[in-house]
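All ligand and atom numbering here is 1-based and tracks the order in the structure. The model shown is predicted, which means the values in this text are computed figures rather than measured ones.
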Amino acid sequence: MSASDIYPPPSEVSINAHINSYEKYKELYDKSVQEPSEFWGEIANSFYWRVPPPPPFLRYNFDVTKGDIFIEWMKGGVTNICYNVLDRNVHDKKLGDKVAFYWEGNEPGDSMSITYSELLGKVCQFANVLRAQGVKKGDRVSIYMPMVIELVVAMLACARIGAIHSIVFAGFSAESLCERILDSHCSLLITADGFYRGDKLINLKRIADDALKKCTEKNHPLGKCIVLRHLGRDDSVCDGTNKTSPPCKRPCPDMQTMWNPSRDQWWHDLIKDVSLECEPEWCDAEDELFILYTSGSTGKPKGVVHTVGGYMIFTATTFQYVFDYHQDDVYWCTADIGWITGHSYLTYGPLANGATSVLFEGLPIYPDISRMWQIIDKYNVSKFYTAPTAIRLLMKYGDEPVERYSRKSLKVLGTVGEPINPEAWLWYYNVVGGKRCPIVDTFWQTETGGHVLTPLPGATVTKPGSATFPFFGVVPAILNESGEELEGEAEGYLVFKQPWPALMRTVYGNHQRFETTYFKKFPGYYVTGDGCKRDSDGYYWITGRIDDMLNVSGHLLSTAEVESALVEHSSVAEAAVVSHPHPVKGECLYCFVTLRDGHEFTKTLSDQLKNLVREKIGPIATPDYIQNAPGLPKTRSGKIMRRVLRNIAKNDRDLGDISTLADTSVINQLFENRCQTVH
Ligand code: WTA
């Protein structure tokens with residue numbers, strides 16, 4: 001394959017596509033960027049507004065030299081996103097009996113489905129519960145749950161009453177959960193007893209308890225915790241005490257020993273006899289909808305804030321066009337709801353379109369390596385959205401496990417999370433999609449709320465590894481180090497020149513950090529932090545992060561965050577973390593540690609350090625390599641030269657210019673010590 005290979009949209013897809021040619025895309029695109037208010041105004045009209053957005057439809061300032069950065073879409077318009085994604089589907093579009101989600105559990109055979117009317121009822125009921133618990137508009141609610149329908153119920157219930165949800169991925173540690181609860185001053189936590197990941201029990205309530213204990217120690221005691229009984233769901237089989245006969249094959253955590261009666265309440269007790277109807281809280285389009293934390297280069301996660309109106313119309317529109325959604329589709333996004341992809345393209349976007357989705361709790365290769373393809377056939381999935389890391393993992397097992405299943409229902413395949421290498425792209429296209437299905441390589445970020453660079457399946461000629469062109473309303477540019485816009489074929493910083501409706505509005509509680517992180521380096525532009533190439537045909541190719549961030553299995557981590565976890569160990573004086581290529585994860589963590597005097601580098605120490613990072617951040621951040629580094633390569637001003645460390649990690653002696661290095665002798669020592677690396 002050469003990078004010049006191209007894949008035109010298959011005619012079977014184009015023929016019925018919403019956007020069926022490049023010309024049609026271009027016509028709409030030009031309108032969307034030249035007349036954004038008119039373009040998005042027409043789209044907004046198809047939603048329910050208690051008070052339609054008054055002019056001006058859009059106000060913003062992207063230039064720090066001209067004042068505060070702000071972005072406002074449809075301010076003064078009054079609506080409710082939960083009403084739009086549920087009530088409108090049930091009452092106006094008569095989709096009440098349509099399945100909203102097929103839930104597929106960790107164990108094959110453990111499954112259920114829920115229709116739009118049932119989901120609406122459950123959301124209203126839980127919204128009433130939250131109100132009864134004293135949750136009001138604008139309050140922050142932390143959600144720490146496995147991939148279950150109730151996670152969707154909890155988030156939509158918050159949205160219904162105007163509370164701001166802050167979902168924390170259930171793979172994060174107690175420390176990370178505590179940090180996020182404190183940062184957003186949450187008043188209530190919703191969690192579950194536990195769940196299984198493959199055959200491993202995750203004792204979620206115990207981790208949540210640890211987090212709440214830490215919150216209390218830091219003077220933010222949380223008075224309320226609602227606990228879903230997920231593992232011991234079926235009372236007739238399991239009562240949550242593990243004393244049933246016959247004994248349960250999958251034991252639950254013993255909830256009684258960790259129950260705090262003055263704080264903890266069971267979800268199922270709270271919903272008893274509660275009404276299935278609930279009047280929504282009518283919100284301004286610019287009211288905050290949710291906070292979602294993403295890694296920041298200083299090490300402290302940033303609370304990315306999205307608002308009701310813009311996020312609603314943008315996720316709905318991108319979902320419709322990027323997956324070329326039609327009413328008879330069955331859509332499956334494998335992302336966890338704890339990440340932005342799960343917010344935008346498992347929850348709000350699909351529901352706004354009245355789509356039927358698969359919500360999968362389990363792992364791609366459990367209990368066997370064909371699980372994904374088996375699920376695709378089971379539900380006749382037509383639109384499938386996953387991450388390059390999952391594709392690379394599945395690719396390792398060859399074509400046979402895929403070919404055991406027909407996958408004939410598939411029409412469009414999507415990827416997100418990191419650059420996809422052409423080899424994985426081609427395997428996805430040739431083997432998974434049987435050369436019939438276009439691939440949409442969607443580039444976006446927690447901050448962008450939805451897809452910003454992406455092919456459209458019926459219109460765009462794709463090139464493996466390229467996210468192709470901007471979505472409607474998005475104006476990209478490539479800048480050089482001096483901030484000049486580069487024309488034509490070029491490589492540099494990827495920035496955006498004007499807002500689209502779902503661009504983040506602020507960093508929760510720290511607007512200055514928002515301005516500094518995204519708008520200060522190049523005034524007048526939103527800076528993504530990614531490098532990008534534009535080829536001679538105008539295609540965009542993301543080259544990866546250019547800040548101190550790395551992308552492990554599609555999850556962003558900051559090197560600073562991992563370094564500060566490592567130096568908490570009493571043997572470690574200093575740590576420097578760099579990204580290192582990994583065949584499945586894309587990138588992994590390679591850590592250099594300088595020990596305090598008198599401490600010895602051993603396998604035990606290396607294991608302890610790996611565990612420490614797991615505990616502090618979560619399993620996704622577990623380092624692959626720890627190397628003993630008696631000294632670190634630093635510039636005369638004391639800045640660690642990560643570029644050099646990346647080369648040492650790869651055993652690449654071509655170090656380029658190292659004239660700014662204060663002490664070159666450390667380099668040889670680090671190359672020699674590579675054998676003292678514990679993998
Ligand atoms: C990377 C995930 C190349 C990129 C939705 C970005 C990608 C970061 C792609 C955001 C893609 C995401 N091609 N790189 N298709 N999609 N990225 O906030 O570095 O978890 O800045 O949002 O992932 O990660 P986040």
Side-chain angles (χ1 to χ4, degrees), residues 167-169 171-172 290-297 301-306 311 314-315 318-319 322 333-349 385-392 413-422 424-425 428 439-455 460 462-471 474 476 493-496 502-504 507 517-518 526-533 539-559 561 579 585-587 618 620-621:
I167 302 183
V168 179
F169 170 57
F172 274 123
F290 67 82
I291 304 170
L292 182 59
Y293 285 86
T294 186
S295 295
S297 55
K302 302 179 289 256
V304 170
V305 173
H306 284 288
Y311 181 81
F314 194 73
T315 52
T318 43
F319 178 79
V322 173
C333 165
T334 65
D336 193 287
I337 294 178
W339 305 109
I340 190 69
T341 307
H343 282 58
S344 302
Y345 299 113
L346 188 46
T347 311
Y348 290 108
Y385 193 31
T386 194
T389 182
I391 298 166
R392 287 191 297 264
L413 303 174
T415 76
V416 57
E418 57 182 306
I420 180 164
N421 47 314
W425 194 103
Y428 199 30
I439 293 185
V440 287
D441 174 359
T442 62
F443 167 82
W444 58 296
Q445 309 177 300
T446 306
E447 294 87 338
T448 70
H451 306 141
V452 282
L453 298 179
T454 177
T460 312
T462 53
K463 298 186 184 187
S466 167
T468 73
F469 303 118
F471 189 74
V474 175
Y493 292 88
L494 176 67
V495 299
F496 294 112
L503 178 61
M504 73 184 288
V507 168
T517 312
Y518 305 102
Y526 165 84
V527 181
T528 59
D530 283 293
C532 184
K533 254 183 348 207
Y539 282 66
Y540 289 88
W541 301 73
I542 304 295
T543 53
R545 302 291 308 181
I546 37 186
D547 47 19
D548 286 341
M549 221 81 92
L550 55 136
N551 192 325
V552 178
S553 302
H555 304 313
L556 273 196
L557 292 169
S558 84
T559 51
E561 201 176 354
S579 87
K585 299 185 206 176
E587 292 178 6
I620 44 160

Please state which protein non-hydrogen atom is closest to atom 9 (C) of ligand 1 and give its distance, to 0.1 Å?
E418 N, 3.5 Å

Are any of the N or O atoms of T341 closer than 3.5 Å to those of ligand 1?
no

Test item: Y385 and T415 side chains (from C-beta on) under 4.5 Å apart, heavy atoms
no

Per-atom contacts, ligand 1 versus I542 - under 4.0 Å to a heavy atom:
3 (C), 14 (N)

Answer yes if the ring centres of F469 and Y540 are under 6.0 angstrom apart, and no otherwise.
no

At a 4.0 Å cut-off, with the gap strictly under it, does some heavy atom of W444 reach an atom of ligand 1?
yes

Parallel, tilted or perpendicular: which describes the rings of F290 and H343, with under 30° parallel and over 60° perpendicular?
tilted

Looking at non-hydrogen atoms alone, which of D530, T543, I340, L550 comes nearest to atom 4 (C) of ligand 1?
D530

Assess the pair F471 and H451: is the distance between their ring centroids shorter than 6.0 Å?
no

Parallel, tilted or perpendicular: which one describes the rings of W444 and Y345, with boundaries at 30° and 60°?
perpendicular

At a 4.0 Å cut-off, with the gap strictly under it, does some heavy atom of L556 reach an atom of ligand 1?
yes

Do the non-hydrogen side-chain atoms of V322 and T442 ever get within less than 4.5 Å of each other?
yes

Ligand 1 atoms nearer than 4.0 angstrom to some heavy atom of N551 are 1 (C), 23 (O)

For ligand 1, is any non-hydrogen atom under 4.0 Å from M549's backbone (N, CA, C, O), its side chain (CB onward), both, or neither?
neither

Could you name the option among V416, I420, V304, T446 that has the heavy atom nearest to atom 18 (O) of ligand 1?
T446

Inspect the contact between R392 and E418 and indicate whether a charged nitrogen and a carboxylate oxygen are less than 4.0 angstrom apart.
yes

Could you tell me how the ring of Y518 sits relative to the ring of Y526: parallel (under 30°), tilted (30 to 60°) or perpendicular (over 60°)?
parallel

Can you find a non-hydrogen atom of G417 under 4.0 Å from ligand 1?
yes

Just to confirm my output: which protein heavy-atom neighbour is closest to atom 3 (C) of ligand 1, and how far is it?
P419 N, 3.0 Å

With atoms numbered from 1 as shown, which atoms in ligand 1 lie under 4.0 angstrom from a non-hydrogen atom of D441?
11 (C), 13 (N), 15 (N)

